[in-house]
Amino acid sequence: MKQTLLRKLYFLAFLTLPITVFAQGTITGNITDATDLPLPGASIVVKGTTNGTTSDFDGNYGISVDGFPVTLVFSSLGYASREAKVTSASSLNMVLEESAMGLEEVVVSGLATTVKRKNLANAVATVSAAELAGVTPPKTLDGALAGKFTGAVVSANSGAPGGGMSIKFRGITSINGNSQPLYIVDGVYVDNSSIASGGLNDVSGAATGGSSSNQDNATNRIADLNPDDIANIEILKGASAAAIYGSRGAAGVVIITTKKGKSGKTKVSLSQGFGFNKVIRLQGQRDWSEALAEEQYGEGALYAAAASAGKLRDYEKEIFGEEGLISNTNVSVSGGGDKTTFYAGISNNDEDGVVKNTGYKKSSFRLNMEHKFNENIKLGLNTNYISSSADRGFFNNDNTGTTIGVALTNTRPWDFLEPDENGNYPDHPNNSSNPLQTRDLFTNNERVNRFILGGNLDVNIYRKDNSSLKFIARVGVDTYNMEAKVIFPKELQFQRPDQGGVNGVSGITNTNNKNANYSGFLVHNYFTDNDLSFNTQAGVTNEQFSRNTVSVVATDLIASETNLDQSANQKVNHTILEQEDFGFFVQETINYQDKFIGAIGVRGDKSTNNSDINELFFYPKASLAINLNSFDFWSEDALVNRLKLRAAYGEAGTFARFGSLYTVYESTLIDGNVGIIVPPTQGNLDILPERQKELELGIDLGMFKNRLGLELTYYKKNVDDLLLLANTEPSSGFSTKWENAGELENNGIEVALNAAIIDKEDFTWDATLNWWTNVSEMVRMDVPAYDTGGFGTGLGTFRIEEGESVTQIVGTNLDGDVVQLGDAAPDFQTSLTNSLKYKNFALSFLWHWKKGGDNINLSKLLSDFGGTSADYDEISIDPNGTIPNGVYRVDNGIFAGNATPFVEDASYLRLRELGFYYTVPEKNIQQWFKGVVSGVKVGLSGNNLINIFDYNSYDPEVSNFGGTGLSSGVEVTPFPSSKRYMMHISVQF
């Protein structure tokens, strides 16, 4: 009996053994796209758990599960996710289709978490690597963003090599504080300062002519980054999304993720681009004749002599007519095993300017590594070293007649300025400087050595079927040394003592900058049985910022020496900036079946920048997204297959500017005695950070199975505690004082339309149409209206005035009244991107239309003074049709105190990017290279190839004052912008 029972138990065990064995097992397979190409890095997750893995370089994967049946979720960036139910250990291959709307891509939702785009409550813009640099290589990273998303004004402050860009999200954020976005690269707070070179203003005297700005247009430091190293960029345009960055998030946040390696076969990529650039548009010459030269200058005989000798010169073309050569080389290597992956990139960029002896050279090396110690601990390290050199010339405003641009406005074609056989340049007969001599002998060089290091540690403290807890630590350091060297040799016409010069100027500005940031977060996920999920994150942050700038300017140089000590006089300026911020962040996100997604959070910040360094400033945020198409009543076959309603609110801050909290005394020397003097502006210890409050509402639509998508957003952004300069009582000993004395408001609409117009096997056509507008108003001012950011009402200036646009331009008219003459803000902007692929051919282009927005064009005024304006003798602006333009702008403009002729419409239509490429078929690659080479692509591209505008100068996209809060669109003889033509070849091994 016992033996019979024992045999039955053995038999039962034999029958149940396979069930027991296969209750736990491994699922393997391969993931490909619709063209049967493997998808490396695809995500495979057991639904409802945190158990997951990624596919290797060849698309293969393997995942162990505790029991069957299970549902696997397959996803990859840019592809629609798919689910599959698996009942036993087996092999399962999966094909993922491209997602036209990118709904499955993940977007930053907190300092340590992400959310799928389809569940996002904000209009967060994303720029992929293909969009950033895939059509044509950009001059700089920030310039590559122009026209590619809604809600931004991206403009070049100068056409000089090496950048000089201004980016403003959703209108003016601050008038006197920071107006440029915060840049985060792989978790590192990177610096984007523009630091002026000492010595330029000492010669040009720009800061003495109605504006305290030296107007040197230095390079943005974000230009140091190599766009080819970037995987994607996310743009948080307002406080509703950027509240997680607290006191540094009011101007928006640009989050940059660089490329990472993937496990599998090591992949090598080599790309080379060659090309040239040329000025977008020259002004041309006045229609000179012997009679006109005699009438205007009494130099008809000189004109005739030059004409007969064939020595009439177009000096504008001589200065700006260079076709600068461009060379871009990029090499990357990526790969790794199951535990360690790596990406290494080396780049070298060399671009000559459209002016002789100007150019930009940059070399970059990047190494990103990631190591998994086990399934629960992962360490990432991102490093980047950059070395650059920029020669930027001598342009913009000038009160001494010495810059190349101002000298050019006084140069006539019969002036002889060429050097003789011994290299001696003649004096300019009509100006204080010879622009050819300045161009050839002058030095304005900016060298940067920069190191960016970021590290992150992810530790899974525990993982269960319905919950998990993760610890994330991040550390980042951005440090660079910048040396700006300026040399005006004593041989220059305006440096000679007999011409009133100082016998040579040599200046060196040395800046050491270091940013460091540290943070730690706990992230908890909890899932319920009815697909209700909770994501909780909490963490602390610490940011440290340090800058030390020493500028020494020497005059009266000894012999041909340029060393600072080899001079009779030296002037020293020393600036030290130190700041440390402390913060915490807490956020809770609740997701119910992808139907309701709500989030609430708060950031708390304190800083040594505040008068009370222990006072915490709190920045709350809240959002809600409702996916109506996820409800049971919604038909999957409906014409509108996706409908999301979203609302978000958030607050963010802007720190008080340096010098506003404390009175910064100045040194002086009187009768050999050193001392200090009181400045005209008094500090204010009661200053608070400016606070931005933004409400964002939106609707997202998907039609025809998401082949057509619409994103509509309205926002209202108020900036309170606005930092303004107020007049103070004369008895105080000061004339002005910083105060929180105003509130401004921005209202805007953003529309993004995406369409997969054609989706065939051999032919695809995708298009994106963006449209956006912003209207600003100064809704409250506790101080009287005042002018800023210009050269006075006689020439046109910005006026901060209650009830008016923040960007209004005012000036006197012919009646002597100060009236509004224009507005720097555009009426609207729109861009159209098209990407067409036919078999192995690809064509992409981006049109950008800016409608409205005015500039203050003072370049034309200066050429009128010199009598050289190309349209000087035309009669097109005099209302009575009798006075030539040049005479009218002077006699009825500046001499009459009338600023009207100098305010011009700065609208434009521009073909920003064009690229045409051919990918060599795989079968040819195999035949030619026998497996050594895996891909070859060749192509042609260009930037700014077509530019349509009526603006009466080189380019309406210009700013004499750089990227400050206001002042964009003021022009004084700038370095002209350029168009670029490129040829490319890329090879993958």
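- Salt bridge R910/E957: present, at least one basic N to carboxylate O contact under 4.0 Å.
- The pair D478-K514 does not meet the salt-bridge criterion, since no charged nitrogen lies less than 4.0 angstrom from a carboxylate oxygen.
- Annotation: side chain of Y315 is not in contact with side chain of P413 (no heavy-atom distance under 4.5 Å).
- Remark: the backbone N or O of G423 is paired with a side-chain donor or acceptor of D420 at under 3.5 angstrom.
- Looking at K361 and E351, no side-chain N of the basic residue comes within less than 4.0 Å of a carboxylate O on the acidic one, giving no salt bridge.
- Checked against the 6.0 Å centroid threshold, F975 and Y954 do not count as a close aromatic pair.
- Ring-plane geometry between Y297 and W414 is classed as perpendicular, the angle between the planes exceeding 60 degrees on a 0 to 90 degree scale with a lower cut at 30.
- The main-chain N or O of R412 is never found under 3.5 Å from a side-chain atom of T868 such that the two would form a donor-acceptor pair.
- Side-chain N/O atoms of N430 and D415 include no donor and acceptor closer than 3.5 Å.
- Using a cutoff of 4.0 Å between basic side-chain nitrogens and carboxylate oxygens, K362 and D224 are not scored as salt-bridged.
- Remark: of the listed residues E913, R912, K139, K979, E913 is the sole one forming a side-chain contact (heavy atoms from CB on, under 4.5 Å) with N943.
- In this structure the side chain of I326 never reaches within 4.5 angstrom of the side chain of F274, judged on heavy atoms.
- Counting only N and O atoms by type, the side chains of R313 and Q285 include no donor and acceptor under 3.5 Å apart.
- Here the side chains of S506 and L564 are in contact, with some heavy-atom distance below 4.5 Å.
- Side chains of T511 and T549: a donor on one and an acceptor on the other come within 3.5 Å.
- Nearest approach of P497 to N503, heavy atoms of both residues: CD-OD1, 4.0 Å.
- To the nearest 0.5 Å, atoms CG (D854) and OH (Y951) are separated by 10.0 Å.
- Of all heavy-atom pairs spanning S364 and I386, the tightest one is OG-CG1, 4.1 Å.
- L441 places a side-chain heavy atom less than 4.5 Å from the side chain of L492.
- No side-chain donor-acceptor contact under 3.5 Å links D871 and S869.
- There is a side-chain donor-acceptor pair under 3.5 Å between S347 and N226.
- Here OG1 of T797 is found 5.0 Å from CG of D787. Values are rounded to the nearest 0.5 Å.
- For A390 against P161, the heavy-atom pair with the smallest separation is CB-O, 4.3 Å.
- One side chain, E904 or N857, offers a donor N or O that lies under 3.5 Å from an acceptor on the other.
- The distance from the CD atom of Q570 to the OG1 atom of T555 is 8.0 Å, given to the nearest 0.5 Å.
- For N548, the CG atom sits in a packed shell: over 12 heavy atoms of surrounding residues, nucleotides or ligands are nearer than 6.0 Å.
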What's the verdict on side-chain contact (heavy atoms from CB on, under 4.5 Å) for T409 and S859, showing C-alpha distance, side-chain angles and the deciding distance?
CA-CA 8 Å; T409 64; S859 297; 6.0 Å; no

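- A 4.5 Å side-chain heavy-atom check between N397 and V406 finds every atom pair outside the cut-off.
- One N or O on the side chain of N947 and one on the backbone of N944 form a donor-acceptor pair closer than 3.5 Å.
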Determine, stepwise, if the pair N349 / N328 fulfils side-chain hydrogen bond (donor to acceptor under 3.5 Å, both in side chains).
CA-CA 5 Å; N349 306 99; N328 294 327; 2.8 Å; yes

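- Looking only at side-chain heavy atoms (C-beta outward), T329 and S327 come within less than 4.5 Å of each other.
- Looking at N434 and D427, their side chains never bring a donor and an acceptor atom within 3.5 Å of each other.
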Give the intermediate values and the outcome of side-chain contact (heavy atoms from CB on, under 4.5 Å) for residues Q495 and V505.
CA-CA 8 Å; Q495 284 297 314; V505 173; 3.6 Å; yes

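- Looking only at distances, a side-chain donor or acceptor of N220 sits under 3.5 Å from a matching main-chain atom of M165.
- Counting only distance, with no hydrogens or angles, the side chain of S432 and the backbone of G401 share a donor-acceptor pair below 3.5 Å.
- The main-chain N or O of A160 is found under 3.5 Å from a side-chain atom of S158 such that the two form a donor-acceptor pair.
- Under 3.5 Å, the side chains of N513 and R547 contain a donor-acceptor pair of N or O atoms.
- Here the closest heavy-atom approach between residue F798 and residue A824 is recorded as CE2-CB, 3.7 Å.
- Side-chain N or O atoms of K490 include one that pairs as donor or acceptor with a backbone N or O of A559 at under 3.5 Å.
- Rounded to the nearest 0.5 Å, atoms OH (Y360) and OG (S388) are 4.0 Å apart.
- Residues F451 and Y385 keep their aromatic ring centres 6.0 Å or farther apart.
- Although no hydrogens or angles enter the test, the distance criterion places no donor-acceptor pair under 3.5 Å between the side chain of S551 and the main chain of T509.
- Crowding of D950 atom CG: a count of heavy atoms from other residues, nucleotides or ligands under 6.0 Å not exceeding 12.
- With hydrogens and angles left out, the side-chain atoms of D391 and N445 include a donor and acceptor closer than 3.5 Å.
- Side chains of L858 and E971 form no contact here, defined as non-hydrogen atoms less than 4.5 Å apart.
- For the pair D202 and K571, the salt-bridge criterion is met [side-chain N within less than 4.0 Å of a carboxylate O].
- N410 and H428 are not linked by any side-chain donor-acceptor pair at a separation below 3.5 angstrom, with hydrogens and angles left out of the test.
- No side-chain donor-acceptor contact under 3.5 Å links E874 to the backbone of N885.
- Proximity of F488 to T402: side-chain heavy atoms (C-beta onward) are nowhere separated by under 4.5 Å.
- Q437 places a side-chain N or O within donor-acceptor distance of the main-chain N or O of Q493, the cut-off being under 3.5 Å.
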Test log, rule side-chain contact (heavy atoms from CB on, under 4.5 Å), inputs Y303 and L312
CA-CA 8 Å; Y303 176 90; L312 290 177; 3.8 Å; yes

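- Looking at N512 and N481, their side chains do bring a donor and an acceptor atom within 3.5 Å of each other.
- For the pair K860 and F902, the cation does not sit on the ring face, since its NZ or CZ is not both under 6.0 Å from the ring centre and inside 45° of the axis.
- Closest approach of T403 and D398 over heavy atoms only: N-OD2, 2.9 Å.
- Between D191 and R221 there is no salt bridge, since no side-chain nitrogen of the basic residue lies less than 4.0 Å from a carboxylate oxygen of the acidic one.
- F494 and F394 have tilted rings, their planes meeting at an angle from 30° to 60° on a 0 to 90° scale.
- In terms of heavy-atom proximity, Y480 sits nearest to S193 at OH-CB, 4.3 Å.
- The CD1 atom of I894 lies 9.5 Å from the CG atom of L862; values are rounded to the nearest 0.5 Å.
- The distance from the CG atom of D873 to the CG atom of L292 is 5.5 Å, given to the nearest 0.5 Å.
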Show, in sequence, the C-alpha distance, side-chain angles and deciding distance for L436 and I319, and conclude whether the side-chain contact (heavy atoms from CB on, under 4.5 Å) test is met.
CA-CA 7 Å; L436 300 187; I319 295 291; 3.6 Å; yes

